[in-house]
Amino acid sequence: MERTIRVRFAPSPTGPLHIGGVRTALYNYLLARKYQGQFVLRIEDTDQNRFVPGAEKYILDTLQWLGIEPDEGPQQGGPFGPYRQSERKDIYQEYAQRLVQKGKAYYAFDTPEELDAMRERLEAAKIASPQYNAISREWMKNSLTLPQEEVSSRLHSGEPYVVRFKMPHKETIRFYDQVRGWVKVETATLDDKVLIKSDGMATYHLANVVDDYLMQTTHVIRGEEWLPSAPLHILLYQYFGWEQVMPQFVHLPILLKPEGHGKLSKRDADIHGFPIFPIGWHDPITKNYTPGFREKGYLPEALINFLALLGWSPGNNQELFSKEELVDAFSIERIGKSGVKFDIQKANWFNQQYIRKKSDQALASYLVVELEKNHIPYDIQQVQRVCHLLKERATFPQDFWIEGQVLFQPPATYDIDAIQKKWTPRLHYALENFVPILQNLTSFAADKIKEALITFLNEQEIKLNEMMPVIRIALMGKTAGPDLMQSMEIIGQTEAVNRIKAALETIEISRS
RNA sequence: GGCCCGUUCGUCUAGGGGUUAGGACAUCAGGUUUUCAUCCUGGCAACAGGGGUUCGAUUCCCCUACGGGCUACCA
């Protein structure tokens, strides 16, 4: 019997979402959509010490910005709530008790100091992996070693305790990962993980297994860093008697630093000057603000397209995918195994592609914001024409303002280098003589201006590519920019003439 | 250290027992253009190494090397 696909994205609210986490969310979302299943958001806030205010909202905002919104979650609710693990504490207690009763878990009373001492002792004895396990537990204070009466008196006296998983000593766990195939692990190398902490809250291990069972999760899609703890989770499913409904495991390749050493981390953002957080983050403790992909001008559809291809490939040469196309093409079988380096150049290229797909109207809104900020009056038709003109040249929305502001206001400065190279006395006088011609033009359409210019230059025996840079400097202040004639048309006759006159004066002065 | 996972151009990847090992980004060169950018054309560039298996291995197996992850009362 085929179950409805149910997947979950289970971040912990310990800070801003990492871009790798976003990819995990995306893959979950894509699978859910592809099979008309449900995408669940579960907040894994089992560690009260690491709780960061605002982090949950950040997660919600990010998913909303990207349009990968959950079907169930703390915000929208759902039949399997609550969706915050901190609100499910009692549930985990109950299931932990079941394990204790079955003899698969036990109480432990060791203090942190005692645990440290145990590890030191084992290290001193050159034990390969010092851990709380089938051997060392014999030496520790737990319900397996202490007399029954002492255990109950400790429990009843309110002494802090944890519940530990009783890892079998010699078993081989085999499980099938959808990405990696069969994985085999000896339980002898595993330890007695804490299931319930002394504050009464479950650890991730217990909570995620219980919740995935209760929430009828069919696929656990998560980062590769979870692979080592998968055997523990498998055992948990077995001991609870849930093998029949155990989810499929899908461990995603990890996102690596650009230089290729280690997991992509928050620090890489500063080092390389590219964002690593999806959206801006105000750190509530340091009060620092870190801009995200959104603030740097990456479009959500570009980010999604880029992320989708980081560890997954469609198997053909298609690179550009709408979200719908991704849903259609996505499959677990085509997820790669090896770690993936984060290449911001490729992300930029995607952004450029998506900027081009946008309409002039949509693009205009970016410019309007800047124009208003700078109190520059504008005509919306004009703004759209500017966007049309600049579209092929832009990678980020910001580029429209950077390149386009000179079409709304005169240049603040003139490029000295360019003047020295291109602005000769002969061209200066020619430009002076061209001003009246410009002024007398009855149509200021780009092609008419060009026509007049060419006629004029022919008479003067001046080459077009000599004069163009000079006009461009006069109008824009520099030699690079969009089509000059188009730009002039947008600037308009009066303004263009004024700018040339101003340049003629200013540059005359600065040269003498 | 132990355990686990991985390894095709610089990067993301396709491919797969016999291929000129394909594409994209980046890069370089040429072309178009009034400049820069775009665009077009082309170039450079990869199967980590060693053993097997096989008529034949980049592809299958093993080992080594390298890379990565995990090794908490964090997720």
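Just so we're on the same page: letters track the sequence lines, and every chain starts at 1.
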Short side-chain N/O contact to B:C70 OP1/OP2 from A:Arg222, under 4.0 Å = no
Geometric class of the A:Trp312/A:Phe330 ring pair [parallel <30°, tilted 30-60°, perpendicular >60°] | tilted
Identify which nucleotide among B:U38, B:G69, B:G10 has an atom closest to any side-chain atom of A:Gln352, counting heavy atoms from C-beta outward.
-> B:U38
Would you tell me if any nitrogen or oxygen in the side chain of A:Arg356 comes within less than 4.0 Å of OP1 or OP2 on B:C39?
-> yes
Is any side-chain nitrogen or oxygen of A:Lys337 closer than 4.0 Å to OP1 or OP2 of B:G69?
-> no
Give A:Thr46 one of three labels, base, sugar-phosphate or nothing, depending on what nucleic acid heavy atoms sit under 4.0 Å from its own.
-> sugar-phosphate
What nucleic acid atoms does A:Pro482 come within less than 4.0 Å of, heavy atoms only: base, sugar-phosphate, or nothing?
-> base
A:Arg393 side chain N/O closer than 4.0 Å to the phosphate oxygens (OP1, OP2) of B:C36?
-> no
When all nucleic acid strands are considered with a 4.0 Å heavy-atom cut-off, which category describes A:Asp45: base, sugar-phosphate, or nothing?
-> nothing
OP1, OP2 of B:C12 versus side-chain N and O of A:Lys346: anything below 4.0 Å?
-> no
Mind checking A:Gly481 for me? I need base, sugar-phosphate or nothing, with any heavy atom below 4.0 Å counting as a touch.
-> base
Between atom CG in A:Asp191 and atom P in B:C3, what is the gap in whole Å?
-> 15 Å
Report the relative orientation of the aromatic rings in A:Trp182 and A:Tyr176; use parallel for angles under 30°, tilted for 30 to 60°, perpendicular for over 60°.
-> perpendicular
Mate of B:C55 across any strand shown (Watson-Crick or G-U wobble, both atom pairs under 3.5 Å) is B:G18
B:A14 phosphate, OP1 or OP2, under 4.0 Å from A:Ser313 side-chain N/O | yes
A:Lys126 side-chain N/O to B:G2 phosphate OP1/OP2 under 4.0 Å = no
Which part of the nucleic acid, if any, lies within reach of A:Gly311 when heavy atoms closer than 4.0 Å are counted: base, sugar-phosphate only, or nothing?
-> sugar-phosphate
Quiz item: A:Ser198 side-chain donor-acceptor pair to B:C73 base, under 3.5 Å = yes
What does A:Arg472 touch in the nucleic acid at a heavy-atom separation under 4.0 angstrom: a base, only the sugar-phosphate, or nothing?
-> base
So what does A:Thr479 hit on the nucleic acid, given a heavy-atom distance under 4.0 Å: a base, only sugar-phosphate, or nothing?
-> base
May I ask you to check whether A:Asn142 and A:Tyr107 show a side-chain donor-acceptor distance below 3.5 Å?
-> no
